[in-house]
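Worksheet: one structure, shown below.
Numbers restart at 1 for each chain; the letters A, B, ... are given by sequence-line order, proteins then strands.
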Number of protein chains: 2
Amino acid sequence: MSERSEPKSRRERPAKPALSRGWIVDTAVRIMRAEGLEKVTMRRLAQELDTGPASLYVYVANTAELHAAVLDALLGEVDLAEEGGGDDWRERLVAVLTSYTLVLFRHPQLARSALVARPSGDNYLRLVDRVLALLARGGAPVEQVAWGVDQLLQTATATAAEQSTRDQDPAAQQEWDALTRALHAEDGTRHPAIKAHMPALISGGDRLRWGFEVLINGIGSTPVPDPD
Amino acid sequence: MSERSEPKSRRERPAKPALSRGWIVDTAVRIMRAEGLEKVTMRRLAQELDTGPASLYVYVANTAELHAAVLDALLGEVDLAEEGGGDDWRERLVAVLTSYTLVLFRHPQLARSALVARPSGDNYLRLVDRVLALLARGGAPVEQVAWGVDQLLQTATATAAEQSTRDQDPAAQQEWDALTRALHAEDGTRHPAIKAHMPALISGGDRLRWGFEVLINGIGSTPVPDPD
DNA sequence: ACCTGAACACCGTTCAAGT
DNA sequence: ACCTGAACACCGTTCAAGT
């Protein structure tokens with residue numbers, strides 16, 4: 001009874017919480033999970049938080065910074081493969097990188113923003129530290145390990161950015177279809193090498209894993225250039 | 001005299017050319033060179049072509065397709081290293097990949113759109129064919145060569161996408177500064193591996209070349225997985 | 001077939017004014 | 001210090017109507 005008589009405005013949105021960076025980012029993550037990153041706009045976010053867009057600028061510098069914060073929050077889901085399994089560093093390393101890639105896969109457009117504005121948050125640092133440690137177990141020189149981590153994470157991010165948008169965006173799917181059609185139509189007069197490599201050029205298979213292994217092998221066997 | 005008496009409208013924009021896909025793309029390239037890809041919008045382009053935005057949709061499906069067309073036009077600038085130099089396939093391959101990366105570097109935001117909507121135009125096919133042919137000279141199995149090309153071009157594209165926006169976008173620069181600061185501040189308690197690899201983690205040097213060499217070595221020595 | 005004006009449904013960001 | 005309404009300066013895309 002007394003509940004029924006409460007003012008309507010108090011019951012609709014129970015105790016609108018005070019604005020804060022944390023609350024803003026949490027809300028942004030929620031919108032992204034439900035509707036995708038493209039809906040995480042300042043205006044939409046403000047609407048969700050029951051305020052005007054200008055209010056958000058007290059806590060967030062701009063849209064890019066907001067997206068970076070959302071990304072770091074998500075990196076908490078990456079499995080660092082710290083327990084279980086054998087002690088094969090290669091297997092563990094591939095597992096961590098695959099986990100990272102899958103997280104980005106699940107949240108499509110985020111991978112693209114990761115390529116541009118590299119995260120510098122806690123979760124990203126943990127990931128970098130872990131990949132460094134595993135790679136170092138292979139016995140490669142420190143310079144190669146240090147530069148290699150960059151390459152490994154970049155490949156993972158780029159792969160996710162490429163694939164993920166393809167799944168969502170029909171236009172990107174069309175572009176890919178156009179490319180495979182162009183490759184299939186190749187008669188070998190203008191592009192003999194494409195013709196010669198043709199079945200494999202398009203074939204599936206575990207390219208992600210192969211890509212990581214290529215890098216791990218290459219990193220271990222390629223000295224960094226003499227700085228002179 | 002007779003010139004002076006010509007109607008003003010005829011002299012301002014001499015013989016406004018008929019709309020066509022080719023003319024639209026050329027104009028888009030011009031705007032991009034002068035002011036950057038972010039200014040290549042349907043509305044701005046229409047304004048430049050002296051028409052309304054709706055008219056463009058007769059020739060171009062959407063903004064993404066327009067950007068893809070601009071990208072392929074630009075790939076004409078890539079040096080395929082077809083003459084001169086020794087006949088060291090590795091050197092030539094690195095030269096082609098570097099040229100591709102530099103073209104994307106010069107036209108920042110384009111690299112990002114290349115990652116998402118892969119070009120399927122003439123110039124892209126020529127590039128793929130050339131990289132395939134050079135890589136094949138190394139004697140690696142066809143499957144490894146075919147899958148390797150993807151990896152090489154992806155790394156080049158991703159590197160350009162990463163670096164390039166950093167140069168332009170002050171926000172991206174800030175993110176990078178934040179990351180290097182975070183790495184420097186590392187005391188080793190939470191992230192021992194970062195601490196251990198610290199000088200090299202941030203050092204300069206020819207990372208682009210090293211990255212290509214890592215891939216070339218890895219591609220040659222890593223068999224593709226058994227498909228079973 | 002090609003072209004267009006006008007509209008729909010949005011954006012990010014700033015700034016003067018309020019509490 | 002924090003918050004806001006309102007404005008500025010844009011977007012992509014569609015559609016009915018014209019030529």
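For the C1' atoms, the distance from C/dC10 to D/dA9 is 14 Å, rounded to whole Å.
Comparing D/dG5, D/dC11, C/dC3 by their closest approach to the side chain of B/Thr41 singles out D/dC11. The side chain of A/Ser55 has D/dT4 as its nearest neighbour among D/dG12, C/dT4, D/dT4. The side chain of B/Met42 has D/dT13 as its nearest neighbour among C/dT14, D/dT13, C/dG12. Of the listed nucleotides (C/dT13, D/dG12, D/dT4), D/dG12 has the atom at the smallest distance from the side chain of B/Arg43.
Along DNA chain D, the nucleotide closest to A/Pro53 and the one closest to A/Val58 are compared, and the more 5′ of them pairs with A/Val58.
Note: CD (A/Gln47) to C1' (D/dC3) measures 18 Å, nearest angstrom. Rounded to an integer number of Å, the gap from B/Leu45 CG to D/dT13 P is 13 Å. Here the P atom of nucleotide D/dC2 and the CZ atom of A/Arg21 are 14 Å apart, to the nearest Å. Separating the OH atom of A/Tyr57 from the P atom of D/dT4 is a distance of 15 Å, rounded to the nearest angstrom. The NZ atom of B/Lys39 sits 18 Å away from the P atom of C/dG12 (whole-angstrom rounding). D/dT13 atom P lies 18 Å from atom OH of B/Tyr59, rounded to whole Å. The distance from atom CG of B/Asn62 to atom P of D/dG12 is 11 Å, rounded to the nearest whole Å. We find that CG of B/Leu49 is positioned 17 Å from P of C/dC2, with the value rounded to whole Å.
Panel note: side chain B/His191, backbone A/Leu127; no donor-acceptor pair is recorded below 3.5 Å.
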Subject >> salt bridge (Lys or Arg N to Asp or Glu O under 4.0 Å) between B/Arg126 and B/Glu82, intermediate numbers included >> reply: CA-CA 12 Å; B/Arg126 276 175 51 223; B/Glu82 260 156 339; 5.4 Å; no
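In DNA chain D, the stems built from three or more successive Watson-Crick or G-U pairs (distances below 3.5 Å) are C:4-8 with D:12-16, C:12-16 with D:4-8.
A salt bridge is absent between B/Arg118 and B/Asp72: the closest approach of a Lys/Arg side-chain nitrogen to an acidic carboxylate oxygen does not fall below 4.0 angstrom. Ion pair A/Arg112/A/Glu38 not flagged as a salt bridge, since none of the NZ, NE, NH1 or NH2 atoms sits closer than 4.0 Å to an Asp/Glu carboxylate oxygen. Salt bridge status for A/Arg190 with B/Asp129: absent, with no side-chain N to carboxylate O gap under 4.0 Å. Between B/Arg181 and B/Glu186, none of the side-chain N atoms (NZ, or NE/NH1/NH2) sits under 4.0 Å from a carboxylate O, so this pair counts as no salt bridge.
Residues B/Leu215 and B/Thr155 meet the side-chain proximity criterion, which asks for heavy atoms closer than 4.5 Å. B/Val128 has its side chain within reach of B/Leu132: a pair of non-hydrogen atoms, C-beta onward, lies under 4.5 Å apart. With a 4.5 Å cut-off on side-chain heavy atoms, B/Val149 and B/Leu153 count as touching.
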At a cut-off of 3.5 Å, list every protein nitrogen or oxygen paired with a nitrogen or oxygen from nucleotides 16-19 of chain D, distance to 0.1 Å.
none

